[in-house]
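Input: a single structure, listed below in C-alpha cells.
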There are 2 protein chains.
Amino acid sequence: MGQGAGGGPQPRGGATLAQVAARVGVSLNTVSRAIRAPHTLRPELLGRIAAALDELNYVPNRIAGSLAGTRSALVGVVVSSLFHSEFAAVVEALQTGLLARDFQVMLGHSHYDPAREAGAVRALLGWRPAAMALVGIDHHRDVSRMLGEAGIPVVQMWDVGGEAIDSAVGMDHVAIGRAQAEHLLARGYRHVAVVGSLRPHDARAHKRCRGVAQALAAAGLGEPALATSAEPGDPDLGGRLVAELLARHPEVDGIACNSDAVAYGVLRALRARGRRVPDDVGVVGFGDAEASACLVPALTSVRPPRAAIGRLTAEIILARLEGAGPRQLEVAWDILVRDSTARGSTVSAPI
Amino acid sequence: MGQGAGGGPQPRGGATLAQVAARVGVSLNTVSRAIRAPHTLRPELLGRIAAALDELNYVPNRIAGSLAGTRSALVGVVVSSLFHSEFAAVVEALQTGLLARDFQVMLGHSHYDPAREAGAVRALLGWRPAAMALVGIDHHRDVSRMLGEAGIPVVQMWDVGGEAIDSAVGMDHVAIGRAQAEHLLARGYRHVAVVGSLRPHDARAHKRCRGVAQALAAAGLGEPALATSAEPGDPDLGGRLVAELLARHPEVDGIACNSDAVAYGVLRALRARGRRVPDDVGVVGFGDAEASACLVPALTSVRPPRAAIGRLTAEIILARLEGAGPRQLEVAWDILVRDSTARGSTVSAPI
DNA sequence: TTGAAAGCGTTACCAA
DNA sequence: TTGGTAACGCTTTCAA
C-alpha cells in the first residue's frame with residue numbers, strides 16, 4: 001500500500017556495478033565485462049558474479065550507460081497521433097524490431113502541427129537518441145535542420161516523394177488517391193467527390209486529394225467536388241461533410257474518403273438520407289480500419305502495409321547504425337474491394 | 001540525402017554547456033543556471049548567454065541531466081498493447097499531462113503476458129524513471145517486487161480492487177460485467193452468453209465475465225454460456241466464437257462481448273445466420289470503439305473514461321513526486337445504449 | 001584474464 | 001551574483 005502518507009517514496013534505484021563488485025571482491029569493470037562480454041572471464045568468476053548480480057537484483061543503469069558509451073540505446077519516434085491509431089501498428093512493429101536489439105523507443109506527437117512537431121523533435125533530441133523516425137516527408141525547416149545537425153540516421157515513414165533528410169519508407173499517396181478515383185470510375189461512378197479531414201499540414205492527405213483530381217482529369221472529367229475540414233477525421237465529421245456535399249452537389253455518386261473513420265459516418269449519413277450504397281453511391285475509404293469489413297455495406301478501402309513500414313524502418317535504422325548508407329523505399333499497398341463499391345455485382349466479404 | 005554511402009553518420013550531438021560557457025566567457029554552471037534559474041543572473045549576462053545558446057543551437061542533454069540530477073525526467077508506462085488501441089487514448093492523455101511538466105513517457109508492452117510484462121518493467125526500470133504507470137492491478141510477483149524495490153511512485157491503471165502496489169486509477173470490472181448482463185436482462189433477453197477473447201492473464205476480462213455470472217445468478221438464472229478464446233479479440237474471432245456458441249446453445253438471445261471489435265464480428269455473423277439484432281438477439285460490447293455508433297444496428301457498449309484515467313494518472317504521479325501520499329481511485333463509466341439492444345422499442349443513435 | 005583511471009555532460013553544493 | 005569541484009554510474013582505453 002505504498003510508503004504511507006506524507007513524504008513520497010524515496011527512489012532507491014537499485015544496486016550499482018560498484019556494489020556488486022565489492023560484494024564479489026573484484027573490480028567494477030570486471031563486473032561490467034561479465035555482463036557485456038562474458039566469454040572474456042573465467043567461468044568460475046563468472047558464476048560468482050552472476051550469483052551476486054542476481055542476489056542484488058542488479059538492473060543496469062541505462063542512463064549512465066548511455067552517457068558513458070559511444071551512443072545511446074534510444075530511438076526517437078514522432079507520429080502525428082496515436083489517438084486515431086492510424087500509426088499504432090507501425091509503431092508496434094518498429095518497436096518490436098528495435099527491442100530485439102535492445103533499443104528503446106521514445107515517442108513524441110506532432111498533432112499534425114509543424115510547430116508541435118518541431119517541439120517534439122527537439123525534446124526527443126535532448127535524450128541523444130541513436131536514431132530518429134518520423135511520419136511524413138515534408139517538414140518544418142527547423143525540423144530538417146535539427147535532424148541534419150544531429151548527425152544521426154533519420155527515417156521518414158509513411159510518405160515518399162519529397163526530399164528525404166536521410167532515409168525513407170513510405171507510400172506514394174498521389175498514386176493512392178488516383179487509385180481510389182480510378183476504382184470508383186471503373187465501377188461506373190461518374191461524379192466523384194473527396195470527403196474528409198484535410199489539415200493544412202497533412203501533406204499525405206493533400207497528395208491523395210491531388211491524386212483523385214489527376215485521375216478525374218485523365219478520364220476527361222472535371223475537378224472533384226470537395227467537402228473537407230481541418231477538424232480531426234471521425235464519423236461525425238464524415239456525416240456533416242457529406243450532408244453539406246449533397247446539398248451543394250446532389251449529382252455526386254462516388255466518394256473517396258480520407259480515412260475509414262470518416263467513411264463510417266459517410267455511410268451512416270447516406271443511409272439516413274435514403275441514398276443506397278453501392279447502388280446510388282460508391283464509397284471508398286483509406287486505412288482499412290478494423291471495423292471496415294463489418295459495416296453494412298462492408299467498406300472498400302486502401303490497405304497500407306503498416307507492419308511492413310514499421311519493420312523496414314527498424315531494419316534501416318539498425319543497418320544504418322552499422323554503417324550502411326541511407327535508403328529510400330516505396331512500399332506497395334492494395335485496395336480491398338468490398339460491398340461499398342460493388343455496384344451491379346455482389347462482392348461479399350467473408351463472414 | 002544523408003552523408004553518402006559507406007560509413008554511417010557521425011553523431012555530433014550538439015553543443016555542450018561547457019562550449020556555450022567558453023563562448024560567452026563565463027563558467028559552465030553559470031550557463032546551467034541561466035537555463036534553470038534565470039532570475040539569479042543579471043539581465044545583461046543573461047542576454048549574452050541566451051544569444052550564445054541560440055547561436056549554437058544548444059539542446060540540453062537530458063541523459064547527463066538525469067544522471068547528475070536528483071531524479072530523471074522519465075515516466076515508464078506499460079500497457080497490454082497499443083495495437084488494438086484500447087489504451088491509446090489513455091496513454092495520450094497521460095503523456096499530455098506529463099509533458100506539461102517536462103516529463104517524457106517511455107512505453108513498454110506486456111502483450112497480455114506476465115513474463116513479457118516483467119521484462120518490460122525491468123527494461124523500463126533500467127532507465128531509472130521517476131515513476132511508473134501500468135495497466136492492471138494483478139501482476140506477476142516479480143513485477144510487484146521490482147516496482148516495490150524501485151521506491152518510486154507506481155500507478156496501476158484501468159482496474160481496481162486488487163492490492164495496489166502504490167496508487168491506482170481504474171474501473172470495477174466485475175461491476176461492468178454485471179451491468180452488461182443486467183442491461184440485457186432489463187431488455188428482456190433471458191439466455192445470456194459471454195463471447196470474446198479471454199487471455200489467461202487478462203484479469204479485467206475475467207472479472208467482467210464473473211460480473212455477468214453474478215448478475216445471472218442474482219436473477220435466478222443459470223451460468224452464462226461461454227464462448228471464449230485466448231486469441232486476440234478481433235471481428236473474425238467474434239464471428240467464429242458466435243458460430244460455435246449458437247451450435248452448442250441455440251437458445252442464446254443475449255450476448256455480452258469482451259470488446260467492441262469482437263462484437264462487430266458477432267453482429268456480422270448473426271446477420272449471416274439470419275438472426276435479427278436486436279429482435280432475436282441483443283448484443284452489448286465493451287470499450288465503445290469509434291465505429292460502434294456506425295454499425296447496423298449501432299452497438300450498445302460500455303464506455304470507459306479513457307482520457308480521465310490518463311489525466312488522473314498524470315496528476316497522481318506529479319502529486320506523489322511532490323510528496324503527496326498514494327491514492328486509489330475508482331472512476332465511473334457508463335453504458336451507451338444503442339440499437340443492438342433496443343428490443344421492442346427503437347433507440348436511434350444520432351446521425 | 002583482470003584492474004586502474006579517465007572521461008561522458010550535467011546538477012548540486014559550497015566558497016568566493 | 002558567480003565560479004570551483006565533486007559526484008552520478010557507467011564504458012573505454014591502457015596497463016598489469
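Everything numeric here is computed off the predicted structure, so don't read it as measured data. First the proteins, then the strands, lettered A, B, ... as listed; each starts at 1.
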Nearest whole Å is fine: how far is [N] [atom2] from [X] [atom1]?
| X | N | atom1 | atom2 | answer |
| --- | --- | --- | --- | --- |
| A/Leu56 | D/dG9 | CG | C1' | 15 Å |
| A/Leu17 | D/dC8 | CG | P | 14 Å |
| A/Asn61 | D/dG9 | CG | C1' | 6 Å |
| B/Arg36 | D/dT2 | CZ | P | 15 Å |
| A/Ile63 | D/dC8 | CD1 | C1' | 11 Å |
| B/Arg128 | D/dC8 | CZ | C1' | 11 Å |

Quiz prompt | Boundaries of the chain B footprint along DNA chain C (any atom under 4.0 Å from a heavy atom) | solution = C/dG9 to C/dA12
[X]: which residues meet the side-chain contact (heavy atoms from CB on, under 4.5 Å) condition with it, sequence neighbours left out?
| X | value |
| --- | --- |
| A/Ala64 | A/Asn61, B/Leu67 |
| A/Ser167 | A/Val155, A/Ile316, A/Arg320, A/Pro326 |
| B/Gln95 | A/His109, B/Val91, B/Leu99, B/Val105 |
| B/Ala52 | B/Val20, B/Arg23, B/Val24 |

Holding to salt bridge (Lys or Arg N to Asp or Glu O under 4.0 Å), I want the full list of residues that pass it with [X], two or more places apart in sequence or in another chain.
| X | answer |
| --- | --- |
| A/Glu86 | A/Arg306 |
| B/Glu315 | B/Arg311 |
| B/Arg116 | none |
| A/Arg122 | none |

Quiz item: Does any residue of residues 21-34 of chain B have a heavy atom under 4.0 Å from DNA chain D, and if so, which ones, in number order?
Solution: B/Val26, B/Ser27, B/Asn29, B/Thr30, B/Arg33
Quiz item: Should we say atom CZ of A/Arg48 is surrounded by more than 12 heavy atoms from elsewhere, each under 6.0 Å from it?
Solution: yes
Quiz item: Which of these passes side-chain contact (heavy atoms from CB on, under 4.5 Å) with B/Val79: B/Leu134, B/Val90, B/Val135, B/Leu94?
Solution: B/Val135
Quiz item: For A/His139, what residues pass the ring pair (Phe, Tyr, Trp, His ring centres under 6.0 Å) criterion, not counting sequence neighbours?
Solution: none
Quiz item: With a 4.0 Å cut-off on heavy atoms, is B/Leu41 in touch with a base, just the backbone sugar-phosphate, or nothing at all?
Solution: sugar-phosphate
Quiz item: Bend across the helix from C/dT1-D/dA16 to C/dA16-D/dT1, to 10°, with axes taken over 5 pairs at each end?
Solution: 40°
